[in-house]
Amino acid sequence: MENIIENNYKYLALRDAMISPNMKVNLLAVVVESGVPKKSKGTDYVCTLKIMDASHKDPGLSVNFFAEDMGKLPHVKSSGDIISLHHVMIKIHNGDVNAVFNKKYSSFALFGAEPSDDVNPYQISSKFKLTDNDKELITRLRTWLLDHQFDAGANAYLLQMREINAGRYFDLVCKILHVCEVPEHGWILFVWDGTDASPASFDTSLDDEAQNPLPLQLEHSPLSRDVLSTFPRVGTVLRIFAGKFFEELGLKSLGIGQWVKFRNIVCQLRSGLWHGLLTSSCRLRILSDEDTIVMQRQRFYSDRLTSGLDILPLSSFPWPSRTTETDYEGMTFSTLIDVLTHSKVTAIFKCAVRVVAIYPWRVDDFRSPVGTCVYRIRLTLEDPTARIHAYVYGDDGETFFNGYPPADVLTTKINKLLGITESNSSEDECNAPRNPPWVQCCIKSYYLDKSNPWETRRYKIFGTKLIG
DNA sequence: TTGGGG
């Protein structure tokens, strides 16, 4: 895209514009990331677009738009669209170059990027003068773009969900799967990128499991099966607590299924579950489904599904531990979201899970003190997609523990299952940090009340033996 | 005026 002179406007290559501080320039470029309009600290509304052209791709040029109402700001339909900017001011701030769209003397027009799109802009600001030459340049740029891909820009801050750490600010490209408003938390976003967040260690007391059981999810009431059924089979669904930033970032206007890039978000662990937080320093970018990074994430997910074994948690690679054996070695693995969303109440599954809590936790309490003295234990199982309670009961418990071993053997076995190491199990066993291994187990879904099967659905372990 | 990647 060489410099082109026409009747009224000389479009500068971004590279040349960016060495022209305090100059008013005209630019014809591709919008690679579009920010969301919001209220400025002054009297105006503001939004920031990032643009690129052949002369400057990385990291692109930020253009800050100001207008007295939101409707006058650019509303980019899709990243990759083309923008024509007339009389924008190049400025330098802290050594970085950006452009400013001034409502008094600047103007813009937005065009689709496809050669089949209208040669007329889909949005045009009041002062923009569209010339025949503009139309000619747009057509030429569209043709050029057929062979040249711009993306939303990977950078040092961009992480996949599998890479997130507590307390570290980062960017996340993700798909919005669900949004809900809860009284205590405000808005919660449910987002996904096809990878698994890394498993947590637990330092909560198992002694407390009766009064304060480890939660199955961060939202207070579990999502309905209808909602869960819309979630992908693999990959962590990260809960992002948006607070007041839900409205400020314009998240309200986004549709389910939209891919976005959150910039500068932070994650924390609560009860061993990852959640994201939005702050005033966060930014949101709306991405196209054709964005390079979006397509990478989607390809990763479809590869995981088609390669069979990769439905296993990423961190269980190459295989779950041999802490357990099942009677169904040939059975294909399911994820816990598969279990939760299965179309029938009665079903069997084999899953790779971690046992993150147990109740009761003292081996002396594993069996009922009265009557037939059967095992009755509640395990909290998790995989990257969900948590469930699963019971070890009666004969299935006899299989699980290989009969009725003495207390010290049982303790060794259960410590291994819970990831409690010998070194920290001696003194204060119930408070020892634990890092449960990935184990395979068979899960049976059943009901307690035939007249009300879905509401009384339970899960139990069967066909599974703890090696210990 | 405003905002401007960390």
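Reminder, nothing fancy here: chain letters follow the sequence lines and each chain counts from 1.
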Base of B/dG5 paired with side chain of A/D96 (donor-acceptor, under 3.5 Å): no

Distance-only donor-acceptor test, A/Y169 side-chain atoms vs B/dG6 base atoms, 3.5 Å: no

Sorted by number, the residues of residues 62-76 of chain A with heavy-atom contact under 4.0 Å to DNA chain B: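 Those residues whose heavy atoms fall under 4.0 Å from DNA chain B, taken from residues 62-76 of chain A in numerical order, are A/S62, A/N64, A/F66.
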
Mind checking what makes side-chain hydrogen bond (donor to acceptor under 3.5 Å, both in side chains) contact with [X], not counting sequence neighbours?
{"X": "A/S125", "result": "none"}
{"X": "A/S107", "result": "none"}
{"X": "A/N120", "result": "A/D118, A/K135"}

Atom-to-atom span, [atom1] of [X] to [atom2] of [N] - whole angstrom:
{"X": "A/N98", "N": "B/dT2", "atom1": "CG", "atom2": "C1'", "result": "12 Å"}
{"X": "A/L172", "N": "B/dG5", "atom1": "CG", "atom2": "P", "result": "19 Å"}
{"X": "A/L61", "N": "B/dG5", "atom1": "CG", "atom2": "P", "result": "9 Å"}
{"X": "A/M18", "N": "B/dG4", "atom1": "CE", "atom2": "C1'", "result": "12 Å"}
{"X": "A/H93", "N": "B/dG6", "atom1": "NE2", "atom2": "P", "result": "7 Å"}
{"X": "A/K103", "N": "B/dT2", "atom1": "NZ", "atom2": "P", "result": "12 Å"}
{"X": "A/D171", "N": "B/dG6", "atom1": "CG", "atom2": "C1'", "result": "8 Å"}
{"X": "A/K38", "N": "B/dT1", "atom1": "NZ", "atom2": "P", "result": "19 Å"}

At 4.0 Å (heavy atoms only), tell me whether [X] reaches a base, stays on the sugar-phosphate, or touches nothing.
{"X": "A/T43", "value": "base"}
{"X": "A/Y45", "value": "nothing"}
{"X": "A/V97", "value": "nothing"}

When you get a sec, tell me which of [options] is the closest nucleotide to the side chain of [X]?
{"X": "A/D44", "options": "B/dG3, B/dG6, B/dT2", "result": "B/dT2"}
{"X": "A/K91", "options": "B/dG3, B/dT1, B/dG5", "result": "B/dG3"}
{"X": "A/N264", "options": "B/dG3, B/dG5, B/dT1", "result": "B/dG5"}

A/N94 vs A/K104, nearer the 5' end of DNA chain B by closest nucleotide: A/K104

Counterpart residues, side chain to side chain contact (heavy atoms under 4.5 Å, CB included), relative to A/S316 (two or more places apart):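 With sequence neighbours excluded, A/S316 shows a side chain to side chain contact (heavy atoms under 4.5 Å, CB included) to A/L312, A/P313, A/W438, given in chain and number order.
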
Output field: ring centroids A/F170/A/F262 closer than 6.0 Å: no

Any donor-acceptor N or O pair under 3.5 Å, side chains A/D53, A/S55: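 Yes, a side-chain donor-acceptor pair sits under 3.5 Å.
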
Throw together a table of side-chain donor-acceptor distances under 3.5 angstrom for residues 215-231 of chain A, partners on residues two or more places apart or in other chains.
unit_1 : atom_1 : unit_2 : atom_2 : d
A/Q217 : NE2    : A/E219 : O      : 3.4
A/E219 : OE1    : A/R239 : NE     : 3.0
A/E219 : OE2    : A/R239 : NE     : 3.4
A/E219 : OE2    : A/R239 : NH2    : 2.7
A/H220 : ND1    : A/E184 : OE1    : 2.8
A/S224 : OG     : A/V227 : N      : 3.2
A/R225 : NH1    : A/T341 : O      : 3.4
A/R225 : NH1    : A/H342 : O      : 3.0
A/S229 : OG     : A/R225 : O      : 2.6
A/T230 : OG1    : A/V227 : O      : 2.6

